[in-house]
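Structure first, commentary second.
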Number of protein chains: 2
Amino acid sequence: MPHPPRLDEQVCFPLYAASRLVIRLYQPLLEPLGLTYPQYLVMMLLWEDASLTVSQIGQRIYLDSSTLTPLLKKLEDKALIVRKRRPGDERVVEVSLTKTGKALGLEAIHIPERLFARIGFPPKEALQLRSSLKRLIARLEMT
Amino acid sequence: MPHPPRLDEQVCFPLYAASRLVIRLYQPLLEPLGLTYPQYLVMMLLWEDASLTVSQIGQRIYLDSSTLTPLLKKLEDKALIVRKRRPGDERVVEVSLTKTGKALGLEAIHIPERLFARIGFPPKEALQLRSSLKRLIARLEMT
DNA sequence: GTCTATCAAATTGCGTGCGATTTAATCGTA
DNA sequence: TACGATTAAATCGCACGCAATTTGATAGAC
């Protein structure tokens, strides 16, 4: 019996809902650092690699310059990063951590465990969920 | 050895990334119906229950009136729904399907399977992912 | 060397999300 | 039956996301 799509039967909706609900939980943890969740993602990349181009950041978190440019400007206003055109290829903008931005990484160290404690999801299932999501993302990247 | 949070180790990021990537895949399927993804979610609810209040919709998809009001007005502009204050309690707004809106449900019947085909994710793993996400959402709802 | 194609960011316009506040209606209780 | 509390939507301000276009710089073909 064919019928119009039902919310309960979808896979995408729980993805969308869970994503937004978890980001809401992050909020009170990120607020003391003065970061939004997408800003936090960019900072995480830079805490690992202190300098990246806009494109490299975009490839890692699946955002393009139309989203990143304003976001990066906000991080620059907060003095967490600097943006500099690459000498020798002025098309490329290099984003790098400032001392303040690097220091913020230390303040963020306990965020993941605090978030995890709040959710109270079984660690085993969390790991399995993550690996399942990563396989899904790998498939989505192909298309 | 404590270190700043790393993107690879997070559970939330794959959630956020997968959600956005899947929504992107929906786009070309929804475009012929003239719907965005969140609008599609609302329509799915109404295809099941032809009349719901703004609050009821919000509870089901975790959005509040500040997001829903403008979205519902757009659906009304497209003549897919009507919004009417409830006689007897003027605080409540009843959202109901128009004939056009109901008819659109038939055009949407094959969207889920077409999307699923595009992703090419093993059905077994998809079901397991969905149930895991639903458990996660249940935990998130408690807080 | 010039001219076109390509490339990286930036810009623009629109649709969410969401915290915070406002508006209007109803409820509860003295 | 007043009147403060509560409730449901709406409004406002700000920060994403993303399609489409623009801007400016470099690369390639001739």
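Naming: A, B, ... by sequence-line order, numbering from 1 per chain. Note: hydrogens, waters and symmetry copies are ignored here, and every other heavy atom, side chains too, is used.
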- Query: Base, sugar-phosphate, or nothing: which does B:Ile23 touch, judged by heavy atoms less than 4.0 Å apart?
  - Reply: nothing
- Query: Using a cut-off of 4.0 Å on non-hydrogen atoms, how would the nucleic acid contact of B:Thr67 be classed: base, sugar-phosphate, or nothing?
  - Reply: base
- Would you say the base of D:dA19 and the side-chain of A:Ser66 have a donor-acceptor pair closer than 3.5 Å? yes
- Would you kindly check whether a donor in the side chain of B:Thr69 faces an acceptor in the base of D:dA9, or vice versa, at under 3.5 angstrom? no
- Item | A:Leu68 CG - C:dT11 P separation (whole Å) | 14 Å
- Query: How would you label the contact of A:Arg83 with the nucleic acid (heavy atoms, under 4.0 Å): base, sugar-phosphate, or nothing?
  - Reply: sugar-phosphate
- Message: Working to the nearest 0.5 angstrom, can you tell me the gap between A:Glu125 CD and B:Arg139 CZ?
- Response: 10.0 Å
- Task: Enumerate the residues from residues 29-50 of chain A whose closest heavy atom to DNA chain D is under 4.0 Å, giving them by residue number; use none for an empty result.
- Result: A:Thr36, A:Pro38, A:Gln39
- Message: Does C:dC18 have OP1 or OP2 under 4.0 Å away from a side-chain N or O of A:Arg24?
- Response: yes
- Do the non-hydrogen side-chain atoms of A:Thr53 and A:Val93 ever get within less than 4.5 Å of each other? no
- Which part of the nucleic acid, if any, lies within contact of B:Gly58, taking any heavy atom under 4.0 Å across all strands shown: a base, the sugar-phosphate backbone alone, or nothing? nothing
- Aromatic ring centroids of A:Tyr62 and B:Tyr16 under 6.0 Å? no
- Do B:Arg6 and B:Glu9 sit within salt-bridge range, that is, some charged N less than 4.0 Å from a carboxylate O? yes
Pair up each side-chain donor or acceptor in residues 40-52 of chain B with any protein partner under 3.5 Å, not counting sequence neighbours, and list the distances.
from    : atom 1 : to       : atom 2 : distance (Å)
B:Trp47 : NE1    : B:Gly101 : O      : 2.9

